[in-house]
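Inspection log for the structure reproduced underneath, given as structure tokens.
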Amino acid sequence: MSELSFEQMLEDSVKTIRNGEIVQGTVIDVKDDEIILNIGYKADGIITKNEYTNDSSVVLTDVVKPGDTMEAKVLKVNDGEGQVTLTYKRLAAEKGNKRLEEAFENQEILKAPVTQVLDGGLCVNVEEARVFIPASLVSDTYEKDLSKYADQEIEFVITEFNPRRRRIIGNRKQLLLAEKAEKQKELLAKINVGDKVEGVVKNVTDFGAFIDLGGADGLLHISEMSWGRVENPKKVFNVGDKVTVLIKDINGDKIALSLKFPEENPWLTAAEDFAVGNVVKGKVARMTDFGAFVELAPGVDALLHVSQISREHVAKPSDVLSIGQEIEAKVVDFNGEDRKISLSMKALEDNSAEQTEE
């Protein structure tokens, strides 16, 4: 026996290990519930499945093989059976914590799979170190159901790091908001008032629709949805609809949109279509005590005064007309500048009376 190997044996025989020490070992055997390591000590080291990983779905025999070398931390020098209890996951978590601390200080963007979906948020693991992302920091919009994130790989930054209190907080919302701000900046740099742009309906309310323009949302107010009247935006638009809209105004990051394209303005041809003397058809849109407003075309209303409804006396328009009723009348006045048109049904009666008398 050589002198070196004798010294080696002597060293091994007197080798001492302490709780908390990090040791290197070679895998001798792998069972369903534990890994046995030769750590160069008089007793073997044991890593139970619980001390290998927090993931109960892991099959030890699939991930560790005899002959593999591993680093582990000593939990107990003598477990009562002359073996050394080791932990792999706690050492990995310590290394993971160190990694997270660096990421926290550098505001580094991390990427990791979601390991658990809880009522209050998501858990992700970075090198066996657990990071919690509260529900309020998962997205830039409120999400009631977080189950869609299960097993998904997500990006986040560490915004709070306190391993002593077991409080390591991740934030995905911050990244989404930063990305959105960048996209908004890019969009605002390339759009101008008067441009026609493509968008997708994101949300519909009683007063209008919010259109995603690919970087920022614009508001299409109910008054800008048509040259005519729109009673209820929800009957006109559905979430997901693709629309071509006009940029009406840009005020800071607020974008006002319109579907009232100038070239489609019905008043462009109104002087010809509704010239004095023309007989026109229209629908009764609304009524007052002094007359009825008749829609001749979307965005073009004309007044039918109560005195012009009939040769007979009419006390108020609602006595003889109803909303939505289609009527025929003669244009008796046209004022393009003020956008006012006056109609008369009585004039048609007068014409027919004159023809009958002849």
Side-chain angles (χ1 to χ4, degrees), residues 100 102-114 117 120-124 126 131-161 168-226 233-234 236-262:
L100 292 175
E102 287 171 7
F104 169 66
E105 286 169 358
N106 302 326
Q107 278 298 284
E108 182 188 340
I109 296 171
L110 299 170
K111 197 171 188 178
V114 174
V117 177
L122 306 174
C123 288
V124 294
V126 176
V131 178
F132 180 63
I133 304 176
S136 61
L137 300 179
V138 169
S139 178
D140 58 335
T141 54
Y142 171 70
E143 291 201 70
K144 192 176 180 182
D145 183 17
L146 297 176
S147 61
K148 69 174 185 182
Y149 291 102
D151 302 321
Q152 219 186 84
E153 203 168 42
I154 60 171
E155 287 188 334
F156 55 95
V157 286
I158 306 294
T159 47
E160 195 176 330
F161 182 79
I168 302 173
I169 302 296
N171 188 329
R172 180 172 177 266
K173 179 181 177 179
Q174 184 176 308
L175 296 181
L176 295 177
L177 289 174
E179 187 183 342
K180 193 176 262 188
E182 189 55 39
K183 281 185 178 174
Q184 186 184 64
K185 189 177 165 188
E186 286 173 16
L187 179 76
L188 289 169
K190 70 180 182 185
I191 59 170
N192 298 290
V193 172
D195 287 354
K196 281 185 185 178
V197 293
E198 296 281 325
V200 178
V201 177
K202 191 176 179 181
N203 189 21
V204 187
T205 69
D206 292 337
F207 62 84
F210 288 94
I211 314 292
D212 181 357
L213 303 175
D217 293 346
L219 173 62
L220 177 62
H221 193 266
I222 186 170
S223 62
E224 292 293 331
M225 287 183 172
S226 169
K234 291 177 182 177
V236 183
F237 296 102
N238 295 305
V239 172
D241 285 353
K242 287 183 180 175
V243 288
T244 299
V245 286
L246 182 73
I247 305 286
K248 186 171 183 270
D249 188 38
I250 301 170
N251 186 357
D253 59 358
K254 288 186 171 61
I255 305 168
L257 305 172
S258 179
L259 282 174
K260 290 159 85 167
F261 300 108

Donor-acceptor pair, [X] side chain versus [Y] backbone, under 3.5 Å?
X	Y	value
D241	F237	no
Q107	I158	yes
E143	S139	no

Mind checking what makes salt bridge (charged side-chain N to carboxylate O under 4.0 Å, His left out) contact with K111, not counting sequence neighbours?
none

Can you sort out the partners of E108 under salt bridge (charged side-chain N to carboxylate O under 4.0 Å, His left out), two or more places apart, ordered by chain and number?
R99

Please determine whether the number of non-hydrogen atoms from other residues, nucleotides or ligands lying under 6.0 Å from atom CG of D151 exceeds 12.
no

When you check the gap from the basic side-chain N to the acidic O, do E179 and K183 get nearer than 4.0 Å?
yes

Working to the nearest 0.5 angstrom, can you tell me the gap between [X] [atom1] and [Y] [atom2]?
X	Y	atom1	atom2	result
F207	L219	CZ	CG	6.0 Å
I133	R172	CD1	CZ	8.0 Å
Q174	F156	CD	CZ	12.5 Å
T141	L176	OG1	CG	8.5 Å

Mind jotting down which residue pairs meet the side chain to side chain donor-acceptor pair (under 3.5 Å) criterion with at least one end in residues 204-218? Sequence neighbours excluded, please.
K202-D217

Would I191 and I255 count as a side-chain contact (heavy atoms from CB on, under 4.5 Å) if you check the C-alpha gap in whole Å, the side-chain angles of each, and the deciding distance to 0.1 Å?
CA-CA 10 Å; I191 59 170; I255 305 168; 3.9 Å; yes

